[in-house]
There are 2 protein chains.
Amino acid sequence: MATIKDVAKIAGVSPSTVSRVIAGSDRISNRTKEKVRRAMEEVEYVPNAIARSLARANTRTVGFTLSRRADQAFSNPFFSEVLRGMSSVAQFRDYNILLSISMNEREEREKCLRLIRERRVDGLIVSTSRVHDTLISTLVEEETPFVVIGRSAEHPALSVNNDNVHASYQATLHLLDQGYQSIAFISGPRDLVVTSDRVQGYKQALLERQLPVVPERIVSTEFSEEEGFQALCRLRSEGVAFDAVLASDDLFALGALRFAHYTGLSVPSDLGIIGFNDTPMMTYTHPPLTSVRILSYELGVEAMQLLLDGLEHPERMQTKKEVVLPSRLEVRESTRRLAKS
Amino acid sequence: MATIKDVAKIAGVSPSTVSRVIAGSDRISNRTKEKVRRAMEEVEYVPNAIARSLARANTRTVGFTLSRRADQAFSNPFFSEVLRGMSSVAQFRDYNILLSISMNEREEREKCLRLIRERRVDGLIVSTSRVHDTLISTLVEEETPFVVIGRSAEHPALSVNNDNVHASYQATLHLLDQGYQSIAFISGPRDLVVTSDRVQGYKQALLERQLPVVPERIVSTEFSEEEGFQALCRLRSEGVAFDAVLASDDLFALGALRFAHYTGLSVPSDLGIIGFNDTPMMTYTHPPLTSVRILSYELGVEAMQLLLDGLEHPERMQTKKEVVLPSRLEVRESTRRLAKS
DNA sequence: CTGTTAGCGCGTTCAG
DNA sequence: CTGAACGCGCTAACAG
């Protein structure tokens, strides 16, 4: 593998001159530039990124960490899409992505700190999702450049998030507008930020319409179709009435649909159903299910841009900024009650 | 950030001694070892991975490249699972993953070569999927350590693949065993290796049962539900008869299901349907769809192990090896004809 | 415009 | 058992 010295020797110049040509310095005569170029081609010279990183004290690499549980069921393409978004801007701006998928939040935390302390990455994108979480504040203390995705940071930090509160609020209003009176809310684990955000939007809509918030109608469970189904069975057996379900995940919505079939309720007339994420399968059910579409790809794009902007212009780097991406309710048969009646 | 020199100064030893302690050298007195350890803790020393990489000429990093099209519709969690598998062994063996998602195969190719030539990674896992592909042979020429996943390498190289031929063969036999006579095969793009493998398995089963291979029954199209639906509509309008569909992707199978509803065929009695990938949604359709389950997570695990074994023991590194992972037919209602009749 | 010198932080001889 | 010296490949400050 050819080094800068080999090129220098062939071109008959010093290594630093070669370095300058690579850097595109303007204080180099066109003649030597040409000589150097030719020498580089002759030996197929490619700069060693590691040596460059050491000398420049940066890596042009961004770490993305993820704990597996945060990925919910992997049944939805959320993180795939986020990754695609991140990768597309990284590629364009000549950065690399170092990916780490951990089994739990402790591992994720350690991996993050390690990547930074070993100087393997210039910055991080993290997706920690629990309410009580010390990772963010630790990163702030370490003065690490980082962006949080999928939640608001709550600290002086950068974040890119979906408008979960508003999305949930809108979805609830949609159900009310369709004439549903009592809406059950199936949420994910209570300690997830996304859960509390969505519960908040749900409550907000009810309050705005001066409807009571019935605590029994809000159930919290692990993300899965089966859990969604069971949650509704429990509500029924406990005598909690509901004529619509707002599900904080498409899997729950599928469980709700099964519940409807199972109990002989017809959708949407007896039971309205809305899911979250708008996975492709939502269009293939009977009836097709209304769902909140999340802009995952864009989330990745925004997060990476925010981080790279900060890395490249530390002086302009804000200490706090929250980008909120809009989501959109994809209305399908499962909530079209008025149109049908 | 503390360096090895700082630690040396505090411990009252030379940098090389510190380096030896880190490396776990045995020719160091326990007393100095202890001194050095304490000094390291005092300044919270963490070795700089970049400097280490430069000195040792390795990065403990593996590149994984992927062109977006290869991810088919992103509707299935295939690559998420592969990544999880890769990540879990990388984590365990203290390696990192550099991820790159390209828009097309040209970009993927360039990214691969760049990662290697810039010495950013020690090896690669690539998922190039076209039949005519020069990437693999280029990597062989460059003497890059790499593993191909999701296809057989066809070159003196390492690869981890599903048993596509056999899986398709088994699926076809299953349909025949259920009494279906004429099986349509909806495949993906013809230039994908996975397509030709599955077509081969399909043909093999027919030949074994001494049934004719009817070319018109084999259609090739882009992966999507709509395309699957349209493909069958075309067959029907062309008068090509079939009483079962082997779909090379679950999306096609969903399209086939819609086709059945649309044309009033009942599944499985009038039409049998099998998909590939066994995405979660297959259990939620009516009727639930039979599908071939691919071991994606394990694919990632095997690929990473194969690569790391090679990197760590270049002497034992084989030049050619193909690991084939079994898949399993998940039989559901959509093909249970005999049990029902 | 270009060469020389001195690091970046660590690993690895080679002495002792 | 330990230290000094050098090199990994490149960048950057300083001369000229």
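Reminder, nothing fancy here: chain letters follow the sequence lines and each chain counts from 1. As the structure is a prediction and not an experimental result, all values here were calculated from the model.
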NA contact type, [X], heavy-atom cut-off 4.0 Å: base, sugar-phosphate, or nothing?
X        : value
Ser16(A) : base
Pro15(A) : nothing
Ser25(A) : nothing
Thr32(A) : sugar-phosphate
Val18(A) : nothing

Rounded to the nearest angstrom, tell me the gap between atom [atom1] in [X] and atom [atom2] in [N].
X         : N      : atom1 : atom2 : answer
Arg56(B)  : dC8(D) : CZ    : P     : 17 Å
Ile4(B)   : dA4(D) : CD1   : P     : 14 Å
Met1(A)   : dG9(D) : CE    : P     : 11 Å
Leu54(B)  : dC8(D) : CG    : C1'   : 4 Å
Asp122(B) : dC8(D) : CG    : C1'   : 15 Å
Lys9(B)   : dG3(D) : NZ    : P     : 14 Å
Asn48(A)  : dC8(D) : CG    : P     : 12 Å

Covered region of DNA chain C, 5' end to 3' end, by chain B [heavy atoms, under 4.0 Å] = dC8(C) to dC14(C)
Selected nucleotide, minimal atom distance to Ser29(B) side chain, candidates dT11(D), dA12(D), dC1(D) =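 Selected nucleotide (nearest to the side chain): dC1(D).
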Given dT2(D), dC8(D), dT11(D), which nucleotide is nearest the side-chain atoms of Arg52(A)?
-> dT11(D)
Heavy atoms only: give me the nearest Leu325(A)-Val323(A) pair and the separation to one decimal.
->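 Closest heavy-atom pair between Leu325(A) and Val323(A): CD1-CG1, 3.5 Å.
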Between Glu105(A) and Ser129(A), the two heavy atoms sitting closest are OE2-OG, 4.3 Å
Evaluation steps, side chain to side chain donor-acceptor pair (under 3.5 Å), between Asn96(A) and Arg60(A) | CA-CA 6 Å; Asn96(A) 293 97; Arg60(A) 294 196 84 79; over 6 Å; no
Please round to the nearest 0.5 Å and tell me the distance separating atom CD of Glu81(A) and atom OG of Ser80(B).
->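 That separation rounds to 9.5 Å.
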Please state whether the phosphate of dG9(D), meaning OP1 or OP2, lies under 4.0 angstrom from any side-chain nitrogen or oxygen of Arg119(B).
-> no
According to a strict under-4.0 Å criterion, is Ser19(A) in side-chain N/O contact with OP1 or OP2 of dT11(D)?
-> yes
5′-ward residue of the pair Ala55(A)/Lys33(B) relative to DNA chain D | Lys33(B)
Out of Glu108(A), Glu110(A), Glu107(A), which one pairs with Thr65(A) under the side-chain hydrogen bond (donor to acceptor under 3.5 Å, both in side chains) rule?
->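 In the set Glu108(A), Glu110(A), Glu107(A), the residue that makes a side-chain hydrogen bond (donor to acceptor under 3.5 Å, both in side chains) with Thr65(A) is Glu108(A).
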Can Asn161(A) and Ser152(A) be counted as having a side-chain donor-acceptor contact under 3.5 angstrom?
->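 Side-chain D/A pair, Asn161(A) to Ser152(A): absent.
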Answer yes or no: are there more than 12 heavy-atom neighbours, outside Lys33(B) itself, under 6.0 Å from its atom NZ?
-> yes
